[in-house]
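Worksheet: one structure, shown below.
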Amino acid sequence: MRKETEKIKVFALGGVGEIGKNMYVIEVDSDIFVVDAGLMFPEEEMFGIDIVIPDITYLQENKERVKGIFLTHGHEDHIGGVSYVLRKLPVPVYGTRLTLALVEDKLSEAGLLGRVTLKTIDANSVLEFETAQVSFFRVTHSIPDAVGICVHTSQGSIVYTGDFKFDQTPVDVYGADIGKMAQIGNEGVLCLLSDSTNAERPGFTGSERSVGVEISKEFHNAEGRIIVASFASNVHRLQQVFDAAFENDRKVAVVGRSMVKVVDIARNLGYLHIPDDMLISLQDIDNYPECKIAVLTTGSQGEPMAALSRMAKNAHKQVAIRKGDTVIIAASPIPGNETSVSKTIDLLFRAGANVIYYGEKKIHVSGHASQEELKLMLNIMKPKYFIPVHGEFRMQKAHAKLASATGISPHRTFIVEKGEVIEFKEGRAKAGTKVQAGNVLIDGLGVGDVGNIVLRDRKLLSQDGILVVVITLSKEAKTIVSGPEIISRGFVYVRESEELIDGSARLVKEIIEQSIREYAIEWSTLKQNIRDSLSQFLFERTKRKPMILPIIMEI
């Protein structure tokens, strides 16, 4: 390896200025290492969009240089975009056993299994590439098999922590490998990229084990059925539910497609330990006394189509919430989901359930480090330069303040936007050029075919509806054959607005007749005239601006 002469670039294609969609790129000379490939759930303004993934145009343009995608753990915000990325970037994927098992399931659904190379690593793996060496270290998170990633260069290491916290009493038998982290720090860290999710939260994040104690208490106190809603991927939390069920002699039925899938995968790999006779099918729950039943389900985020929401609305085929049920929501709302979670909790109370949720009791702790743990990571790694990632701008800013408190000079901390490149040469960093970055929107089977113009139209339709004007013209005779017929959706109720509709039809007729008299009919001009005049007419009378769609047919 050439001594301190290689050119290093570090940038984010997602995961900065936002929660989710994590994707970071480390370039060492000609080699490109991609870390994580996550998804993000759509914002409120993204009408009809299912998920959002990073824009990988830069990686596609340089695909012969990409050595692989290195995954830190199996949460959707880190692996959810893998199947979409691999369609356009068929490179090897490196990950731990559980992470790759979850990825395999995604690739199978996408029809890509067998067409992509998956390489299993563990916390002790060391991968040799032409320009750099890649190693891993174990971290504690709310899913087993989570690792941090270290790219070794002659200028020092580039370290990405992944999602982590320092849990002194983890549910997992393997805690964070602090000794290995300290060794990496002692050998010299050129740049640290660290998780900023809880950078505004003082103190330490609570131990997962404390949640197990609380869940066990609730199981012991409940007299009727127990329904537990959790993130499917929070395998440690699932284990605690099964442990509490075992202690209290309850059978468990698993509901929700993603929950069933994760339980199967984690159990087969030995990450979940469930007694053989504990699991029962949903159809069998009425064959047992209510005090002997627990249901593990998805829907902790109030998603309208998730199992818990449908149970609350009495719209689930097999389970409805009854009076006397205890519902434990063992998760806190993702930012932006607070309203939907509150509505679901309200529905559960209305259905007669006793609901135990975040804030009231310690039935959830975060999987992310709070301020004291973030400082500990900074002190262990002792980075020369620091880039706070994985969080909204205010979280990155809060993390930068913590770095300053631990002695990292503010001019050595870079708060980056997506696509902003930090370049390192001879151990010195500077802000470089910008690469293309942004959002790719996925709607149904369409990947990236919905852009800003379509979203703008959807927003307009959601606000004031649509007005369709249908006219049939005879170009030869220069006369209106039929129409104008006006169809309204989401604008006004036609039967109660006959005067407005008639006035609109008269206006359109006048525009067309004038157009026929004055010059030869030019479709695009005529349509624009109809739009402009009708829009002004409707706004004067209703103070609304519906989308106006003129359809002119010629015979």
Side-chain angles (χ1 to χ4, degrees), residues 2-38 54-62 65-67 70 131-132 148-162 188-197 199 374 377-378 381-439:
R2 292 164 294 167
K3 182 65 180 165
E4 294 203 359
T5 56
E6 78 268 78
K7 192 172 184 182
I8 301 168
K9 292 180 182 177
V10 177
F11 56 93
L13 290 177
V16 292
E18 61 196 7
I19 298 284
K21 198 157 69 68
N22 292 284
M23 182 181 261
Y24 308 98
V25 179
I26 300 164
E27 278 191 40
V28 184
D29 280 343
S30 59
D31 289 353
I32 294 177
F33 305 94
V34 181
V35 181
D36 286 336
D55 182 342
I56 58 161
T57 304
Y58 178 82
L59 299 178
Q60 284 176 260
E61 288 168 355
N62 296 277
R65 297 168 52 205
V66 178
K67 296 297 162 191
F70 301 81
T131 60
I149 292 175
C150 184
V151 178
H152 303 266
T153 77
S154 65
Q155 298 176 44
S157 299
I158 310 291
V159 177
Y160 170 54
T161 64
V189 174
L190 176 65
C191 182
L192 174 69
L193 287 77
S194 184
D195 172 13
S196 307
T197 309
L374 294 174
M377 180 63 85
L378 286 158
M381 290 292 176
K382 303 187 286 282
K384 191 172 180 184
Y385 294 96
F386 175 54
I387 303 175
V389 295
H390 195 323
E392 292 169 353
F393 185 82
R394 67 177 198 277
M395 299 165 186
Q396 292 171 262
K397 198 82 180 160
H399 204 170
K401 274 188 186 172
L402 297 178
S404 178
T406 64
I408 296 172
S409 169
H411 75 270
R412 290 182 182 270
T413 296
F414 296 93
I415 298 178
V416 296
E417 299 281 358
K418 289 187 284 290
E420 285 182 1
V421 179
I422 305 299
E423 292 180 5
F424 298 88
K425 194 150 191 195
E426 296 176 358
R428 288 197 188 89
K430 63 167 187 171
T433 53
K434 208 169 177 192
V435 304
Q436 183 173 328
N439 293 335

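The first residue in the sequence is number 1, and the count goes up from there.
Taking each heavy atom of G162 and D195 in turn, the nearest pair found is O-CB, 3.4 Å. Listed here is the closest heavy atom pair of G427 and Q155: N-OE1, 2.9 Å. What you find for Y58 and R65 is that their closest heavy atoms are OH-NH1, 4.0 Å. Considering all non-hydrogen atoms of both residues, K21 and G438 come closest at NZ-O, 3.6 Å. Residues E27 and F11 approach most closely at OE2-CE2, 3.7 Å, considering heavy atoms.
Contact check for D29 versus K7: side-chain heavy atoms found under the 4.5 Å cut-off. Using a 4.5 Å cut-off on side-chain heavy atoms (C-beta onward), I408 and P383 make contact. The closest side-chain heavy-atom distance from E6 to T131 is not below 4.5 Å. In this structure, L13 and V435 have side chains that are in contact, with non-hydrogen atoms separated by less than 4.5 Å. You'll find the side chain of I158 reaches within 4.5 Å of the side chain of L190, heavy atoms only. T413 is listed as a side-chain neighbour of P388, based on a closest heavy-atom distance under 4.5 Å. Using a 4.5 Å heavy-atom threshold, the side chains of H399 and F386 count as touching.
Counting only N and O atoms by type, the side chains of N439 and K418 include no donor and acceptor under 3.5 Å apart.
Rounded to the nearest 0.5 angstrom, Q436 CD and T57 OG1 are separated by 3.5 Å.
In terms of the side chain to side chain donor-acceptor pair (under 3.5 Å) criterion, S194 has no residue partners (sequence neighbours excluded).
Atom CZ of R412 sits in a crowded spot, with more than 12 heavy atoms from other residues, nucleotides or ligands closer than 6.0 Å. At most 12 non-hydrogen atoms from other residues, nucleotides or ligands lie less than 6.0 angstrom from NZ of K397.
The closest donor-acceptor contact from the side chain of Q396 to the backbone of S196 lies at 3.5 Å or more, if one exists at all. The main-chain N or O of G17 is never found under 3.5 Å from a side-chain atom of E417 such that the two would form a donor-acceptor pair.
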(request) Would you sort out whether I19 and M395 count as a side chain to side chain contact (heavy atoms under 4.5 Å, CB included), showing the intermediate values? (result) CA-CA 10 Å; I19 298 284; M395 299 165 186; 3.7 Å; yes
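Test V10, V421, L193, V16 against V416 for side-chain contact (heavy atoms from CB on, under 4.5 Å) and you get one pass: V16.
In this pair, F414 and Y385 present their aromatic rings tilted. The plane angle is within the 30 to 60° band.
Annotation: Y160 is not in aromatic contact with F70 [ring centroid separation under 6.0 Å not met].
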